[in-house]
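One structure below.
Below, read A as the first sequence line, B as the second, and so on, with proteins coming before strands; counting in each chain starts at 1.
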Amino acid sequence: MNRELHFTQKLLAWHRNDNKRIMPWKGEKNAYKVWLSEIILQQTKVEQGLAYYLRFLETFPNLRDLAEAEEDEVLRLWQGLGYYSRARNLHFTAKEVQAKYGGIFPKSSTELIQLKGIGEYTAAAISSFVNKEPIAVVDGNVIRVLARYFRIQLPFDSAEGKNFFREKANHLIDQQNPDLYNQAIMDFGATICKPKNPDCAACPLMDSCLAKQDNLISELPLKTKKVAIKKRYFIALYIETSHGIALQKREEEDIWKGLYQLPSFELKAFTKNLELQVNEILKREFPAEHFKLIELGKMQKQKLSHREIQIVFVHLKSQNEQILSDSYIYTRNLAKFAFPKVFILYFQSKGII
DNA sequence: AACCCGGGGCC
DNA sequence: GGCCCAGGGTT
């Protein structure tokens, strides 16, 4: 038995021996449900996405329900999960499939990949799970498992590396059971061949794993690029007005696009005299307004994969009856809007929601 | 090819 | 504090 066939057969046997992780979308043949689960699980761990999946299905039992929803409602359901373009693209594609395909999801990967929010991985996942199309998924799990077992010392974040891993994966996939194979290798990567402290003792492939033999487990897979973490600084104003709390929607091509926030102003940095910075912003943005300062909050940090966000929340009470700005929304029910996590945490700390 | 987009958990 | 996660879109 050659090395590739051995790998595939051992993996399928491991998967058959009740090593499957239990998830509601496993074995699902409804393309809508499979698609929904795959979008939610992009760059997201199963434990984090599960509750969102269940809530989405409850709210939008089928594609048409989702297509007919308002984008704000979709984003509200997505609140806290991150990568919000996934939610916007999810809604866009629901409408597109409803309009162009009569509500029936296309099944082939070449059609699927043309839809917004569906890339190589997701097209392979949906078409193999729903239609048994023999196309291999290549996600973080697959790259790690292949890099180690076959001792692939090519960085995967390069064009050459991507091509190599894709071709290798498509060479390994079981042609009769591509769905089971794709499930198996991802489950295997997530539970046995983990990034840190892999469970080699329980690994059915340990004896023939080249990285294990050469003590390269902790070195593989290779990656060339390193993410630069930039810092961003904001002052956010929680303003009580006679019309309600002032909000603004983030419309620009930037982080948290489509979500709502308290009126916020970005700074190059915070200085020692924070109150002075706040007063300068108030004078600049609301020259005719008078505020009562209720509370100058402590600086809050939110760490993201590629950003560190620092926000100072300022609680103010407007002393005038006029609205602050036409561009703001005024509400007494914050729970209706989708906010970035850092705002949710602030509202919770104040006991507002 | 480089850069952008969140949040959580693990070490 | 760094790394990774059932990645994809834009430039």
Side-chain angles (χ1 to χ4, degrees), chain A residues 21 23-26 28 34-53 75 78-90 92-93 112-126 128-129 136-145 147 155-163 165-166 169 179 182-191 193-198 218-232 250 252-259 301-309 338-345:
Chain A
R21 293 188 292 172
M23 300 171 227
W25 48 84
K26 281 272 189 74
E28 179 61 61
V34 173
W35 165 65
L36 176 62
S37 71
E38 292 301 340
I39 301 300
I40 287 175
L41 292 173
Q42 286 168 2
Q43 293 293 287
T44 304
K45 292 206 168 78
V46 168
E47 311 83 70
Q48 192 189 355
L50 178 57
Y52 285 84
Y53 174 77
L75 284 167
W78 202 272
Q79 174 179 278
L81 195 55
Y83 284 146
Y84 297 93
S85 66
R86 290 184 294 170
R88 301 194 310 270
N89 289 337
L90 185 83
F92 180 93
T93 291
L112 286 165
I113 205 168
Q114 296 176 41
L115 298 171
K116 198 163 279 191
I118 298 181
E120 273 192 54
Y121 162 79
T122 306
I126 298 174
S128 67
F129 294 153
V137 294
V138 182
D139 71 337
N141 291 307
V142 173
I143 286 163
R144 188 171 56 257
V145 171
F156 67 83
D157 57 344
S158 67
E160 188 186 4
K162 278 187 181 66
N163 288 330
F165 279 98
R166 188 196 308 114
D179 49 346
N182 278 339
Q183 290 281 7
I185 193 167
M186 290 193 286
D187 273 356
F188 179 76
T191 61
C193 199
K194 297 176 289 185
K196 305 286 181 188
N197 300 326
S218 61
E219 317 294 325
L220 298 177
L222 293 182
K223 193 164 85 169
T224 57
K225 305 184 185 83
K226 54 218 170 284
V227 273
I229 296 179
K230 296 178 188 167
K231 294 185 179 179
R232 296 182 69 173
R250 295 184 63 89
E252 60 274 28
E253 295 296 329
D254 193 9
I255 191 171
W256 301 319
K257 182 184 175 188
L259 273 62
K301 284 187 186 177
Q302 186 184 22
K303 293 178 67 176
L304 309 175
S305 1
H306 62 304
R307 292 285 180 272
E308 182 180 308
I309 309 283
F339 293 97
K341 188 74 173 183
V342 64
F343 287 88
I344 298 296
L345 292 176

Checklist entry - Of the nucleotides B/dA2, B/dG6, B/dC5, which has the atom closest to the A/K225 side chain? => result B/dA2

Next on the checklist: Need one value for A/K162: base, sugar-phosphate or nothing, where a base atom within 4.0 Å counts as base even if backbone is also close, heavy atoms only.
Outcome noted: nothing

Next on the checklist: Any base atoms under 4.0 Å from A/A228, or only sugar-phosphate, or nothing? Heavy atoms, all strands.
Outcome noted: nothing

Checklist entry - Taking the side chain from A/R307 and the backbone from A/I255, do they hold a donor-acceptor pair closer than 3.5 Å? => result no

Checklist entry - Would you say C/dC5 has OP1 or OP2 under 4.0 Å from some side-chain N or O of A/R144? => result yes

Item to check | Test item: A/L112 and A/T122 side chains (from C-beta on) under 4.5 Å apart, heavy atoms | outcome: no

Next on the checklist: If I take atom CD1 in residue A/I309 and atom P in nucleotide B/dG8, what distance separates them, rounded to the nearest angstrom?
Outcome noted: 14 Å

Next on the checklist: Considering every strand and a 4.0 Å limit on heavy-atom distances, what is the contact class for A/K341: base, sugar-phosphate, or nothing?
Outcome noted: sugar-phosphate

Item to check | Under-4.0 Å salt bridge between A/E120 and A/K162 | outcome: no

Next on the checklist: Categorize A/K194 for me: base, sugar-phosphate, or nothing, with a 4.0 angstrom heavy-atom threshold over every strand shown.
Outcome noted: nothing

Checklist entry - What does A/D254 touch in the nucleic acid at a heavy-atom separation under 4.0 angstrom: a base, only the sugar-phosphate, or nothing? => result sugar-phosphate

Item to check | Whole angstrom value for the distance that separates P of B/dG7 from CD of A/Q42 | outcome: 16 Å

Checklist entry - Does A/Q79 use its side chain to pair, donor to acceptor, with the backbone of A/F339 at less than 3.5 Å? => result yes

Checklist entry - Rounded to the nearest Å, what distance is computed from the CD1 atom of residue A/I40 to the P atom of nucleotide C/dC5? => result 19 Å

Next on the checklist: Considering every strand and a 4.0 Å limit on heavy-atom distances, what is the contact class for A/G49: base, sugar-phosphate, or nothing?
Outcome noted: nothing

Checklist outcome for this item: Result for 5'-nearest mapping on DNA chain B, choosing between A/D157 and A/Y83, is A/D157

Item to check | Base C/dG7 paired with A/T122 side chain (donor-acceptor, <3.5 Å) | outcome: no

Checklist entry - What integer distance in Å separates A/R250:CZ from B/dG6:P? => result 9 Å

Checklist entry - For the side chain of A/K230, counting heavy atoms from C-beta on, which of B/dG7, C/dA6, B/dC4 is nearest? => result B/dC4

Checklist entry - Heavy-atom distance under 4.5 Å between the side chains of A/Y84 and A/L75, does that happen here? => result yes

Next on the checklist: Using OP1 and OP2 only, check whether a side-chain N or O of A/Q43 sits under 4.0 Å from C/dC5.
Outcome noted: no

Checklist entry - Does any N or O in the side chain of A/N89 come within less than 3.5 Å of the main-chain N or O of A/K116, such that one atom is a donor and the other an acceptor? => result no

Checklist entry - So what does A/E120 hit on the nucleic acid, given a heavy-atom distance under 4.0 Å: a base, only sugar-phosphate, or nothing? => result sugar-phosphate

Checklist entry - Do A/Q42 and A/Y121 get their side chains close enough for a donor-acceptor pair, meaning under 3.5 Å? => result no

Next on the checklist: Any side-chain N or O of A/R307 below 4.0 angstrom from OP1/OP2 of B/dC5?
Outcome noted: yes

Next on the checklist: Under 4.0 Å, counting only non-hydrogen atoms across every strand here, what does A/W25 touch: a base, just sugar-phosphate, or nothing?
Outcome noted: base

Checklist entry - Hey, does the side-chain of A/T44 have a donor or acceptor N/O within less than 3.5 Å of a partner on the base of B/dG8? => result no

Just the table, please: protein N/O against nucleotides 9-11 of chain C N/O, every pair under 3.5 Å.
unit_1: C/dG9; atom_1: OP1; unit_2: A/G117; atom_2: N; d: 2.5

Item to check | A/R144 (side chain) donor-acceptor with A/G189 (main chain) under 3.5 angstrom | outcome: yes

Item to check | Side chain of A/N197 (C-beta onward), nearest among B/dG7, B/dC11, C/dG8 | outcome: B/dC11

Checklist entry - Does A/H306 make a side-chain N or O approach to OP1 or OP2 of B/dC5 shorter than 4.0 Å? => result yes

Checklist entry - Between A/A125 and A/V227, which is nearer to the 5' end of DNA chain C once each is assigned its nearest nucleotide? => result A/V227

Next on the checklist: Under 4.0 Å, counting only non-hydrogen atoms across every strand here, what does A/Q302 touch: a base, just sugar-phosphate, or nothing?
Outcome noted: sugar-phosphate

Checklist entry - If we only count heavy atoms from C-beta on, is the A/N141 to A/C193 side-chain gap below 4.5 Å? => result no

Next on the checklist: Checking contacts here: which listed nucleotide (B/dC5, B/dG6, C/dC4) is nearest the side-chain heavy atoms of A/Y84?
Outcome noted: B/dG6

Checklist outcome for this item: Separation of C/dG7 atom P from A/W78 atom CH2, nearest Å, is 12 Å

Item to check | 5′-ward residue of the pair A/I229/A/Q183 relative to DNA chain C | outcome: A/I229

Next on the checklist: Test of understanding: with ring-ring contact (aromatic ring centres under 6.0 Å, His included), list the residues that count as partners of A/W25, not counting sequence neighbours.
Outcome noted: A/Y53

Checklist entry - Can you check whether A/W256 has a side-chain N or O nearer than 4.0 Å to OP1 or OP2 of B/dG7? => result yes

Item to check | Of the listed nucleotides B/dG8, B/dG7, B/dA1, the one nearest the side chain of A/A159 | outcome: B/dA1

Next on the checklist: I want to confirm an ordering. Mapping A/K196 and A/V342 to their closest nucleotides on DNA chain B, which one lands closer to the 5' end?
Outcome noted: A/V342

Next on the checklist: Please report the distance, rounded to the nearest Å, between CD1 in A/I143 and P in C/dC3.
Outcome noted: 17 Å

Checklist entry - Which nucleotide in the set C/dA6, C/dG7, B/dG8 lies at the smallest distance from any side-chain heavy atom of A/D187? => result C/dA6

